[in-house]
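Here's the structure we're looking at; comments come further down.
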Amino acid sequence: MSEHTDRRPHDSRWDRFYRVVDRIPEGRVATYGQVATLAGLHGWARQVGYALAALPEDNDVPWHRVVNARGEISPRRGSPAHALIQRSLLEEEGVAFDERGRMDLERVRWEG
DNA sequence: CTAGTGACTGTTT
DNA sequence: AAAACAGCCACTA
């Protein structure tokens with residue numbers, strides 16, 4: 001992000017995550033823990049979710065390519081609709097889901 | 001400062 | 001294999 005807008009405290013921190021998410025290729029996914037580790041912050045998986053939840057609607061970050069370690073889309077408490085949108089976006093990129101709503105991480109996971 | 005919360009994860013039931 | 005537990009860390013009120 002811009003060096004001039006670092007005044008918001010979380011931006012500099014969360015930007016580390018956004019940077020990593022931004023590198024996930026189309027048709028691939030990464031787990032929250034993976035994003036945290038690649039950002040050099042092992043163990044901050046929960047914060048990755050928190051950071052993504054704080055994204056504005058008009059963002060360029062491929063937030064939909066981040067899933068949980070079970071290979072499924074993490075359920076939202078507030079808006080279930082967003083999870084459905086995420087699944088649609090992934091399916092558009094060719095990511096397949098089984099009848100239980102899970103994807104094959106071995107196959108679609110981005111290794112970074 | 002304490003307590004509650006969450007788009008998490010690895011371990012144990 | 002699914003659910004429950006217990007760590008986990010920053011943000012908010």
Side-chain angles (χ1 to χ4, degrees):
Chain A
M1 288 297 224
S2 159
E3 306 84 66
H4 291 285
T5 57
D6 297 350
R7 316 196 108 212
R8 284 172 295 177
H10 25 266
D11 271 3
S12 52
R13 241 178 322 241
W14 292 352
D15 271 348
R16 284 169 159 270
F17 300 140
Y18 300 151
R19 269 311 232 174
V20 174
V21 174
D22 209 36
R23 303 211 310 267
I24 307 175
E26 198 175 309
R28 299 287 187 99
V29 303
T31 67
Y32 295 94
Q34 188 182 354
V35 170
T37 298
L38 287 173
L41 296 169
H42 183 64
W44 290 34
R46 300 192 79 147
Q47 284 312 117
V48 173
Y50 202 96
L52 293 182
L55 278 171
E57 292 186 7
D58 57 349
N59 66 80
D60 299 320
V61 180
W63 56 270
H64 59 282
R65 298 184 189 139
V66 183
V67 301
N68 66 28
R70 295 172 151 181
E72 56 192 18
I73 293 172
S74 286
R76 271 70 162 171
R77 296 211 172 189
S79 304
H82 278 226
L84 299 177
I85 294 173
Q86 179 173 5
R87 172 164 176 160
S88 296
L89 289 171
L90 286 174
E91 288 178 325
E92 276 182 36
E93 299 182 355
V95 177
F97 290 79
D98 64 16
E99 52 284 335
R100 256 143 83 242
R102 295 207 298 223
M103 56 200 105
D104 186 359
L105 273 187
E106 301 282 323
R107 211 171 65 88
V108 301
R109 177 175 176 158
W110 171 57
E111 295 302 338

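Numbered from 1 within each chain, the chains take letters A, B, ... in sequence-line order.
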Check each of R76(A), H64(A), R65(A) against Q86(A) using the side-chain hydrogen bond (donor to acceptor under 3.5 Å, both in side chains) test, and report the only one that passes. R76(A)

Atom CG of N68(A) to atom P of dA3(C): distance rounded to whole Å? 13 Å

Starting from P on dA2(C), measure out to CD on E99(A) and report it in whole angstrom. 11 Å

Length of the CG-C1' vector between D98(A) and dA1(C), whole Å: 13 Å

Nearest atoms (heavy-atom pairs only) where R70(A) meets R102(A): O-CD, 3.6 Å

Distance check: side-chain N/O of R102(A) vs OP1/OP2 of dA2(C), anything under 4.0 Å? yes

Distance in angstrom units between L55(A) CG and dA7(B) P, rounded: 13 Å

Any R70(A) side-chain nitrogen or oxygen under 4.0 Å from OP1 or OP2 of dA2(C): no

Given side chains that start at C-beta, do those of W14(A) and L55(A) come closer than 4.5 Å, heavy atoms only? no

Side chain of W14(A) only, please: which of dC11(C), dA1(C), dA7(B) is the nearest? dC11(C)

Between C1' on dC9(C) and CZ on F17(A), what's the gap in Å once rounded to a whole number? 10 Å

Closest nucleotide among dG6(B), dC11(C), dC9(C) to the R13(A) side chain: dC11(C)

Can you confirm whether more than 12 heavy atoms, excluding those of D98(A), are under 6.0 Å from its CG atom? yes

Tell me: CG of L105(A) to P of dG10(B), nearest whole Å? 11 Å

First encountered from the 5' end of DNA chain B, between Y50(A) and A69(A): Y50(A)

Nearest whole Å is fine: how far is dT9(B) C1' from E72(A) CD? 12 Å

What's the CZ-C1' distance between R109(A) and dT9(B), to the nearest Å? 12 Å

Pick the closest DNA chain C nucleotide for H42(A) and for R100(A) by heavy atoms, then say which residue is nearer the 5' end. R100(A)

Taking atom types as they are modelled, would you say the side chain of R46(A) forms a donor-acceptor pair with the base of dG7(C) within the 3.5 Å cutoff? yes

R109(A) and Q34(A): side-chain donor and acceptor closer than 3.5 Å? yes

